[in-house]
Amino acid sequence: MGAQQVREGFAALYGAEPEGVWSAPGRVNLIGEHTDYNDGFVMPFALPHVATAAVSRRTDGVLRLHSKDVEGGVVQLRLDDLAPGSDRNWTAYPAGVVWALREAGHAVTGADVHLASTVPSGAGLSSSAALEVVIALALNDLYELGLQRWQLARLCQRAENVYVGAPTGIMDQTASACCEEGHALFLDTRDLSQQQIPFDLAAEGMRLLVVDTQVKHAHSEGEYGKRRAGCERGAALLGVDALRDIPYADLDEALARLGDDEEAVRLVRHVVTEDGRVEQTVALLRSGETRAIGPVLVAGHASLRDDFRISCPELDLVVDTALAAGALGARMTGGGFGGSAIVLAEAADVDTITKAVEEAFASGGYTAPRVFEAVPSAGARRLS
C-alpha cells in the first residue's frame, strides 16, 4: 500500500484529507533472541514491509481507528475510557500508544486514523511494533511533542507491556523506529546505545531469506511470559540485576552455582551465549567476514531449540533443509513457537534452497511456507 492509496482511503472514510501519512517497518532479528528483556544485546534490521497510517488530529477526546486489513468499520473510542486490559482486539495497539502518550503527560486530544500494513501478522516480524511506532511517530509530529526516536520506542513498549499485556522487550519498537537502510542495528538494550553496522549482502553476492512457516504464535499467551519469568528467576538466583551481568567467561561457574535447577541452567546458558553470539556477529561484520556469521546463526538456532525450547518442527525443518541444500547459515527468528526462520545463502543458491524447503514442507504435510528476501531497509518516517 502506497502513501497515496492510504491517503485516499482516509478521505473516503472520514470525508477530509489527512494531515499526513507515515510508515513504520517490521523487522528481522539477525541475532540476539530473548536477550532484550535480559538487558542484553540484539541485532535487528528493518524490512521493506511496513505499516502505513494516514492521520489527522481531533480536539474532542475521540480516537477513531480503521484498518484496511481487518473486517469491520471504524472503531470509535473515548480517550478518557482507555485503560489497560480494556481491549483485546487489534485496536489495542494504536489505542495503547495514545494511552501511553497521555499517561506520560503529553497533550494528545484525539485522532482519526486509517491504517494498512504489508507486515505479515503472526510471522515473528513485529507487525504489532510497526503498528505502534507508526502511530507514535504520527502523533509526535502532529502534536509537536518533540520526542526522540528512542523515547517513542520506550512509549510503544509500555503500550504493549501494560496496555496490551504482552511482556515484550524493547528491541522490536527500537528497530522499527531507528533502523537505517543498508544496516543492521547493534542495540544495547540496557542503555539503548545504538550502532549502525553496514549490512549489504547483495554487494557481497549473498542474500538473506525469510521463511514464514505460516505457524502463528501469540506472545501474550503463556510460554513467552514463562521464559521471561524464568530468566528473571535465574538472575535472582545468581544475585545479578539481569542475565546480561553474567560474563561469558564466567558462564560455567554461574551454571555450577545453579546446581540441579535444570530449567534455570538452560535459560541462563542460552541468554549468556546469545549475547556472545551478537558480539561475535558484530565483530565479523566489521572485519568484512560476513560469510563467517553463518555458523553463528546455526549455533543460535540450536540454543533456542535445545536450551530455550521455543522452536517447532516447521522451524527446525527450514533450518535443517536449508543447510542441507547449501545455505551458509539459518536459524529461527522472533519470539518462537512458530513464525519465521532466516536463511543466509549465496545468491546463486537461493532458488535451490527455496525449492528444497518448499518440497520438504509438502512432503511433511505442512502448509506451504512463504519465502521472500529480507533487504535491510529504512526505519519509520513521514511519507507526506
Side-chain angles (χ1 to χ4, degrees), residues 26-38 40-45 47 119-129 157 160-161 164-173 175 189 208-234 243 262-275 277-278 296-323 329-343 357 361 366-367 369-370 374:
R27 65 97 189 96
V28 160
N29 193 21
L30 181 62
I31 194 74
E33 219 65 81
H34 288 268
T35 49
D36 59 348
Y37 55 77
N38 290 292
F41 304 120
V42 294
M43 200 172 186
F45 63 87
L47 288 167
V119 186
S121 177
L125 303 175
S126 298
S127 58
S128 59
Q157 182 199 15
E160 188 148 350
N161 289 173
V164 178
T168 54
I170 190 65
M171 174 182 66
D172 296 351
Q173 292 84 1
T189 65
L208 191 77
L209 302 177
V210 173
V211 182
D212 177 4
T213 65
Q214 307 280 0
V215 178
K216 304 301 181 185
H217 61 73
H219 277 175
S220 55
E221 297 175 9
E223 294 298 326
Y224 185 101
K226 289 179 183 177
R227 298 306 187 281
R228 180 166 185 163
C231 290
E232 291 167 353
R233 187 175 71 87
L243 294 182
E262 187 260 350
E263 180 189 51
V265 166
R266 287 190 292 99
L267 298 180
V268 170
R269 183 166 54 213
H270 167 72
V271 173
V272 176
T273 58
E274 187 79 346
D275 273 334
R277 283 185 284 272
V278 178
V296 184
L297 302 183
V298 177
H301 182 77
S303 183
L304 290 162
R305 180 191 64 211
D306 301 335
D307 276 345
F308 228 66
R309 298 186 179 177
I310 59 170
S311 190
C312 66
E314 293 89 344
L315 288 168
D316 294 341
L317 182 61
V318 174
V319 172
D320 294 344
T321 303
L323 293 173
R331 74 171 189 90
M332 60 154 287
T333 188
F337 312 106
S340 298
I342 56 174
V343 177
V357 170
F361 267 59
Y366 298 123
T367 300
R370 177 178 180 230

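Small disclaimer: the values here were computed from a predicted structure and weren't measured. Values below: all heavy atoms of this structure, side chains included; hydrogens, waters and symmetry mates excluded.
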Checklist entry - Hey, mind stepping through R227 and Y37 against side-chain contact (heavy atoms from CB on, under 4.5 Å) and telling me if it holds? => result CA-CA 10 Å; R227 298 306 187 281; Y37 55 77; 3.9 Å; yes
So which atom in [X] and which in [Y] form the shortest heavy-atom distance, rounded to 0.1 Å?
X: Y224; Y: G169; result: OH-N, 3.7 Å
X: L297; Y: G329; result: CD1-C, 4.4 Å
X: A330; Y: L323; result: N-CD2, 4.1 Å
X: G339; Y: D212; result: O-OD1, 3.8 Å
X: F41; Y: V278; result: O-CG2, 3.5 Å
X: M332; Y: E33; result: O-OE1, 4.2 Å

Student check: side-chain heavy atoms of [X] and [Y] closer than 4.5 Å:
X: D275; Y: V271; value: yes
X: T189; Y: V42; value: yes
X: E223; Y: R309; value: no
X: E160; Y: Q157; value: no
X: H34; Y: C231; value: no
X: P44; Y: N29; value: yes

[atom1]/[X] to [atom2]/[Y] distance, rounded to the nearest 0.5 angstrom?
X: N38; Y: E232; atom1: CG; atom2: CD; value: 7.5 Å
X: I310; Y: L304; atom1: CD1; atom2: CG; value: 4.5 Å
X: D172; Y: L125; atom1: CG; atom2: CG; value: 9.5 Å
X: T35; Y: L243; atom1: OG1; atom2: CG; value: 10.5 Å

Short question: side chain of [X], backbone of [Y] - any donor-acceptor pair under 3.5 Å?
X: E314; Y: G338; result: no
X: S127; Y: V119; result: no
X: S126; Y: G26; result: no
X: T321; Y: V318; result: no
X: T333; Y: A341; result: no
X: N161; Y: A166; result: yes

Checklist entry - Are side-chain N/O atoms of D316 and H301 paired as donor and acceptor at under 3.5 Å? => result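 Yes - a donor-acceptor pair under 3.5 Å links their side chains.
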Checklist entry - Can V28 and F45 be said to form a side-chain contact (heavy atoms from CB on, under 4.5 Å), step by step? => result CA-CA 6 Å; V28 160; F45 63 87; 4.0 Å; yes
Item to check | With S303, the side chain to side chain donor-acceptor pair (under 3.5 Å) member among E274, R331, R277, R269 | outcome: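 One option only clears the test, and that one is R277.
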